[in-house]
Every structure is written in structure tokens, then in C-alpha cells.
There are 4 protein chains.
Amino acid sequence: MDAPRPAPLPVFDKLAPLKQGRVLEESLAEFAEHGYHQASVNRIVARLGIAKGSLFQYFGNKEGLFRHLFARALEEIKAPLKAIRDADAGEPFPLRLRRVFVEGAAFARAHPRIWRIYRRMAAQEDFPLREALLSQLRGEALTYFRELVEGGQARGEIRADLDPRTAAFLIEAALDRALSAQDSPLLDAGHGLSSADQPLRAARLAALADTLSRGFCPPALQNADTTQAGDSHA
Amino acid sequence: MDAPRPAPLPVFDKLAPLKQGRVLEESLAEFAEHGYHQASVNRIVARLGIAKGSLFQYFGNKEGLFRHLFARALEEIKAPLKAIRDADAGEPFPLRLRRVFVEGAAFARAHPRIWRIYRRMAAQEDFPLREALLSQLRGEALTYFRELVEGGQARGEIRADLDPRTAAFLIEAALDRALSAQDSPLLDAGHGLSSADQPLRAARLAALADTLSRGFCPPALQNADTTQAGDSHA
Amino acid sequence: MDAPRPAPLPVFDKLAPLKQGRVLEESLAEFAEHGYHQASVNRIVARLGIAKGSLFQYFGNKEGLFRHLFARALEEIKAPLKAIRDADAGEPFPLRLRRVFVEGAAFARAHPRIWRIYRRMAAQEDFPLREALLSQLRGEALTYFRELVEGGQARGEIRADLDPRTAAFLIEAALDRALSAQDSPLLDAGHGLSSADQPLRAARLAALADTLSRGFCPPALQNADTTQAGDSHA
Amino acid sequence: MDAPRPAPLPVFDKLAPLKQGRVLEESLAEFAEHGYHQASVNRIVARLGIAKGSLFQYFGNKEGLFRHLFARALEEIKAPLKAIRDADAGEPFPLRLRRVFVEGAAFARAHPRIWRIYRRMAAQEDFPLREALLSQLRGEALTYFRELVEGGQARGEIRADLDPRTAAFLIEAALDRALSAQDSPLLDAGHGLSSADQPLRAARLAALADTLSRGFCPPALQNADTTQAGDSHA
DNA sequence: CATGAATGAGTATTCATTCAT
DNA sequence: CATGAATGAATACTCATTCAT
């Protein structure tokens, strides 16, 4: 379960990139729809129309498939995430936080299957890679949020006595829930994040970010409202 | 044989309460450890040292066991949760929010298996009862938080232009993550909530609540700090 | 399977006759509906609202129940069957054969559950008692039919060169199928025996008997038609 | 996974014909010996010495196996049955009826397991395919018999006032019982059809056919005995 | 290197039978 | 003597994994 197999998978890499793509696509879909244990190798090869043995030749076993899959997915994700991260270095904190929510939501919408797998992994103890990936991903996110906060403090936009880790924790919690609510009306519970109405969603995301921001700002800045509108919504 | 089996399970109720307790304990543990699908009836009866048939005589089938389990758990939970809810009606909002976090955390610590099952249900699409329970539980929580906020607004402790739903959403997100972080260092990521140090945990919880509160308060009240200490921690 | 247990069942006999009756009724129904193996002791006790252990105390086991059941059923049946047998000793053969069909059909209609069990027993190799009961019942029937035929021969109503066993075989085959067709449209296949129209059924039964009779009669009697009408039917 | 699985079973068809044969043989035997519900997939794979999963890979499930089995059996049967049907179109009715009995009996002897399964299906209400197959098979048989009779009527060999359906019903009943009697002394009850003595069996079959024929013929033909011998037997 | 038939330990579930109360 | 909880071998069925072709 936590055995070796960091194998470089020479077999799969030699495949036609087109086929590689299809394999990864369908596998990703299966894991997103059913989670790790409930995902069925039989179903994957059926979707793909390839031999069952091939998948095992490519990846050794189910876990190998998942590891490879997720590793590849992470690579594809890194660039856009880094882009979000670096794009707005100079702007004031509340705007940056808004952007984090809005772009984070856009990202989750753009990669719904990866997002779903990530959510399942976070809640399910027996996912392979859970430990490694969770600590890495979350670590990066928290570090980023902390730096965001610390930057704000350096510029006096955030009160100095706020522990950046506390702020980062809240940001991450709110963002995670907001993104989850997006594709599950049950989790959204009427808040509007799972609505099909894009402007409404944007407004709700902004409201969340702004309300958090307010909690972080020094009293002096409280009136200087960075948010033009209030956040009442239909 | 072809009924939907909402039956009142007369068999199990007649068992010696001691045995009932053991059965519920071990089953709860199995579901908490493995989730619904991965939980094994075989393993449960092995843990219990009883015959396979017995469990089916008690609950009809796996889903019946789970439903019974969860129904019982909910009943046991209701009272303490209501107690938290009603205890502090007269106090100022920030104190009430703190209490929500502290008591919520105490509750999750006291019922770690129920909490785990709940988290799995929220993330896993194919849990039985998921829809019903999630909408009920979350609905109640959000309603409570909203009323908390609206009460604060009525007393001028919270700015009037804050949408109570936004506030409730943030509270719920933060609380949920805080409670999850408690029993999983991975989710905690060094924040201190999964630490064995109870005062530290309490301080961290308070810090989360206070930082949220601050975001909700009107500017006038920002200085009247309800939290004596800052929230820096080792 | 062919073990002892001819036991006199002292326990069951001491029960209140009313309860005895219910037990036999419901058991008979279960075996008629599901056959021997598919019949469920669980279901029987559920129908009866008695303890599972009781049934085993009464009859030892499932097979014991069935044996007792069937024995009792046979006893109840004997009298009416004998009545049919003896009622018409003086009449001409064709009339007697008609009566056999009509009264046989009436009997099967009056005791549908016993008839069904009998049919299942005849086709299913692993019914308990199959051997004993089948050879007894069929033996009696064939003997009766043979005597019927021999009586007819003695009176010159049936040609002398007809082997009575052949005739008896045909009668039994036709009767058995006619009775079976009565409660199964599939077996009837549009012939009218499973119809709700009683006169039609009677006509069809008579037609069957008469056509057989004709095959048995000596040429001289062929014109003296005992059947007023032909047998065309809607 | 949720389809009704009318699937063409690509797996089994690719097996070595020798193995295919063994699988079908043993399965057929199991169903013939025990009927549908009492037949055990475990037992079948044990007989075959193959893994349990294999059978399910071939046929999907127990019912799929049975359906395939029966479909194959029907195909193998069709040709010889049609041969019987068409062989003797020009001959007089009594000879044709004899041939039906003799060849029918030969057929049942050649395919005893199929015959047994058929009998069980007819008596057991909950066989898969029962309705479809019974109505089809019996329909075809009755139609054939009716045409046989109508042909006889057209040529004046059978009296015009005989309802062909009545005649067909009797033929089918007698034939069915005769075939059943062949492999069960119990059903035969000393008539000679289950005897090992082939000429005796043939004589008894002929006697049954002839006696029926006689019942169908017009008076004028009664003396013109198509059967050289009477039908007395040892 | 692709194939896909073979595997068998695993799953949930049933049910006649026993026996302590 | 009635009770009904306990039993466990039986059932049909699944699925990741292997390996001969």
C-alpha cells in the first residue's frame, strides 16, 4: 500500500501521445465519478476499448495508475496556479484576496474532475497518496496565503497582531468550501455558489473574500471600503 | 421480501443492552475507518465475534445497519448540540461565536467516529442517506449561524450591511475545517488544532472565531477588543 | 432425505385444532406458491405469527412438515375422490369418462394448492415423498381407470382388443393435462380450459372425454353418439 | 453494469470449442438434475474445475448462463424436429401420428437433459424464460398437431366434426406424458415406456398413437386397421 | 508489446436448524 | 412447551491482478 513503485513507467511514455491522453482522460473521469476504491479498472478499460492487461503493463496496478494520473494532473495545474499567484503582486490585499476566490473558483470549474478527486482525497483516509499530496498541496496553499497576509501586514493593510497562520487557515477554509459548493447544491445550501448565474456567483465569491478581508484589516481602514457594493443578493 | 424495509428492527431492540452497545460501537468504528462501501460486514462480525447471519437478523442489510447507526448517533447528538445552541443567548456575539468553536471542537473530539463518518458522507457522493442528512444537518447549522448573526445585527454588534448568509457560510466553513483539522494533522498543517496541547487548541479556536467576528463588526466596535490577548502562538 | 422420521408427532397433535388448521393452511399455501425448496420456513412462521422453534418442535424439520402436511391433505382428499369413483358404477362408459373429467376438474378447482403441489412433485426430481406418493397416487388412478375400461369391455362398450393399460394411460395423460391447463393459461394455450366461462370449460372437458371414448369403442357403437353436440367452440 | 444484458457474450464464443462443449454439458446436467433455483453455480464450476469468476465472465450471471444454454439447445433441436415434421407429409394420418410418437420418443431419449429441463420449466412457475419458451414451444407443437389433424380431415381420414384443437390437445397431452414416462419408471407405472426393451417401447408408443387415431377417424374407416398387430404386451 | 481468459479471495445476503431461556 | 436469537454453510456475484498466447 505504501510500497515502492515510484517506477518511471517506461512503457506508457512510449505510447502515442494521443492514446496517452485518452487513457488519462478516461481514468481521471472514472476516479472523479467513483472515488478511488469504487473506481473500476474494468470500467476504465471498457471506456477505452483497450485490453485489461495493457493498463497493468502501463502502470503496474490500480494504485500506480492513480499515482501517475494525479502526478500528471498536478503538473498541468501548476502553471495556471502559479500564474494566479504571481499576477497581482502589487495590488492591495483585499483585491488580491478577491482575485484568489474568483480565479480559484474559475480554476475549479475548469478542472472539475481534479477538484472532485482532491475533495474525496481530503475526506477519505485510505486514498493512496493522500498523505503526500495533501501535505504538499495544502502546504503550498497555506504558504501562499500566509505570504499574502504578511505582504498585507508589511504594507499596513492588515493589522500587525493577526497571526498570518490564522488568517491563512480561514482563507483556505472559506475558499475550499466555496469551491466545493460550486458543484454541489447540497453543500451550497442556497447560497448561490452552485447557481448557473455567473455574475451572482462572482458577487457571492467577492462577498466572502471581502468579509474575510475586513476581519484582517486594521480599524483605520475599515471605512475605506474596497468593495463598491454591499453584498446583499437576491 | 420485497418491502422497502423501513421496519422498526424488533430483533435488535430486544438484545441485551450491553451487546447492543458493542455492536453499535464496532459497526460505527468500521464505518468511520472505511467509509460506507469499503466497510465490510465480514469484518464487523469478526470484530464482534458473532455469526454473520446475526447482523442481518438485526438490521436486514448493510444499509439498514448504517441507517440505524446513524439515526441512533443523531439522537445522541441532538441534546448536546441544542445545549450549545441555547446556552448563551444573552451574551455578545463574539463570545457566542467563540463558544460555538470551542464547544463544537469539544463535541467533535467526544464523537470522533461520528464526525469522521459525517465528513466522508459530505465528500462521497454515494453514501446512503447522504442527501437527506446533509441537507438537514447543514440546513440546521446554517440557520443557527444566521440567527446568531441576525441577533448580533439587531443589537448593533454586527454591521447591518453584512448578508447573514455570507457570514453563516464563513462560520460554517471555518468551523467545519477546524473540527476536521482536530483529528488529522494533515488537515491541520501545523496550525495547532490537532495538537495534544488543549490550551493551545483552545487559543487557536478562539483566534479563528475572533478574526471572523472582527470581519463582521461595525468599525466602531473594532477597538473594543473582546479578545484580551492577541493570537500569536508557538 | 429418505431417512426415518415416520414420527407420530405427538406435539402437534395436542395443539388446539384451530391452530393446527391455520398451521396446515399457511404451510400448504407456501409450498403451493413456491414449491418445496423455494418454500421458506421463515415465511411460514411469519405468516403464522408463531415462533420459528415451534414449527421445528411440531415437525422436526422442513421435510417433516411437508410430509405431515401432505399426508393430512391426502386424507381429506380420499373421501371425495372415492365418492367420484363409486358414484356412477352402473352408467355407460362414455358418461362415466365424462364424469371423471368434469368431477376431476371440479376437484382440482376446489383444491388448487394440493393440485399445484402434486404437479410440482411430478416434475421435480428432488421432492420429498415424491417416489412414495407418486407411485401410490398414480397407481390408484391407473387402477381405477383400468377397471373403468375393463368394465366397459365386459359390457361390450369398449372393443376387447384394447389394452386397458393403454386406455388408462391415455385417460390419465389427458386428465392430468386438462386439470393443469385449468389454472395456467400458458398450458391451456387457448383451448378454453383456463377460461372463466364455466359452461365453456365443461364443454371442452366433455369433448376431450368423448373423443377418447370414441377411440375405445367398437365400430358398431361409433354412430350411437353419446354426445349430443359436436365439440366446436368459440 | 445496469444494462439488461442481452449481450452477445463475446467471451464465451472465443473459447476453445472443446471447452465450450464441456461447460455447456456440465451446466446442462446441473440444471437438468436440480432445476433452475436449486442448480448451483458453485457446483457447476466445481464439476468443471474452473474458477468461479470464469463462468460469470462467460455469461454475466446465472440467468444468462441458463438463457444461453437453452438458446443453444433450442437451435440444436430445431433441425431434427423440423425433419420429423416434414418427412411424411404424404402418408395417411394414423401412420403420421405413430411416427410423431416414435420419433418424439427417440428425440427425448437422445436429449434427456433438455427434456428434463423442459418438464421442470412447465411445472415450475419461476423459471426464467418460462413464459416465452413455453408459449413458443407449445404453440408450435399445437399448431403442428392441428395441421396434422386438419390435413387428415381434408383427406377424409378424420371425421369433420372433430375440433382440431381438441385433437391437438389430446395428442400433445399423450405425447408429453409418454415422453416423460420414458425416463421415469414412476411416471410410467409399469406401462412399458421406461423399459429397456426397445421393441416393447415402440409397440407401446404405437398403441397410444393408434388408440388416439381411432378416436379421430370416421366410423367408415374404423375397420381398416392401420395397425397390423393389436397392442397386447408382456 | 497487446491481449483477454483465468483466477480466487472477496463481497452482501439467505435460511434451515439448534438450544438456552 | 413456546420462544426467537444464534449459527454458519450456503448462495450469487465482483474485481484487481496474472500470464500464456
Q.
So if I take residues 45-55 of chain B and measure heavy-atom distances to DNA chain E, which residues fall below 4.0 Å?
A. B:K52, B:G53

Q) Who passes ring-ring contact (aromatic ring centres under 6.0 Å, His included) against B:F31, sequence neighbours left out? A)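 With sequence neighbours excluded, B:F31 shows a ring-ring contact (aromatic ring centres under 6.0 Å, His included) to B:Y36, B:F66, given in chain and number order.
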
Q.
The side chain of D:K14 is closest to which nucleotide in this list: E:dA5, F:dT17, E:dT13?
A.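 The nucleotide sitting nearest to the side chain is E:dA5.
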
Q: Can you sort out the partners of D:R120 under side chain to side chain contact (heavy atoms under 4.5 Å, CB included), two or more places apart, ordered by chain and number?
A: C:Q124, C:E125, C:D126, D:Q124, D:F127

Q | F:dT11 OP1/OP2 closer than 4.0 Å to side-chain N/O of D:N42 | A |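 So the side chain of D:N42 is within the cut-off, an N or O lying under 4.0 Å from OP1 or OP2 of F:dT11.
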
Q) Of the nucleotides F:dA2, E:dA5, F:dC13, which has the atom closest to the C:Y58 side chain? A)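 The closest nucleotide is F:dA2.
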
Q | Proximity to DNA chain E (any heavy atom under 4.0 Å), residues of residues 15-27 of chain D only | A | D:L15, D:K19

Q) Roughly, in whole Å, what's the span from CZ in A:F12 to P in E:dA2? A) 11 Å

Q. Could you state the CZ-P distance from B:F56 to F:dA9, rounded to the nearest angstrom?
A. 16 Å

Q.
What is the separation between atom CD on A:E63 and atom C1' on F:dC15, rounded to the nearest whole Å?
A.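 Rounding to the nearest Å, CD of A:E63 and C1' of F:dC15 are 16 Å apart.
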
(Q) So, using side chain to side chain donor-acceptor pair (under 3.5 Å) as the criterion, who are the partners of D:K52 when residues are at least two apart? (A) D:N42

(Q) Wobble G-U and Watson-Crick pairs count when both distances are under 3.5 Å; given that, what is the 5' to 3' dot-bracket string of DNA chain F, with | for pairing to other strands? (A) .||||||||||||||||||||

Q) Quick one: which of F:dA2, F:dA5, E:dT13 gets closest to the side chain of B:K62? A) E:dT13

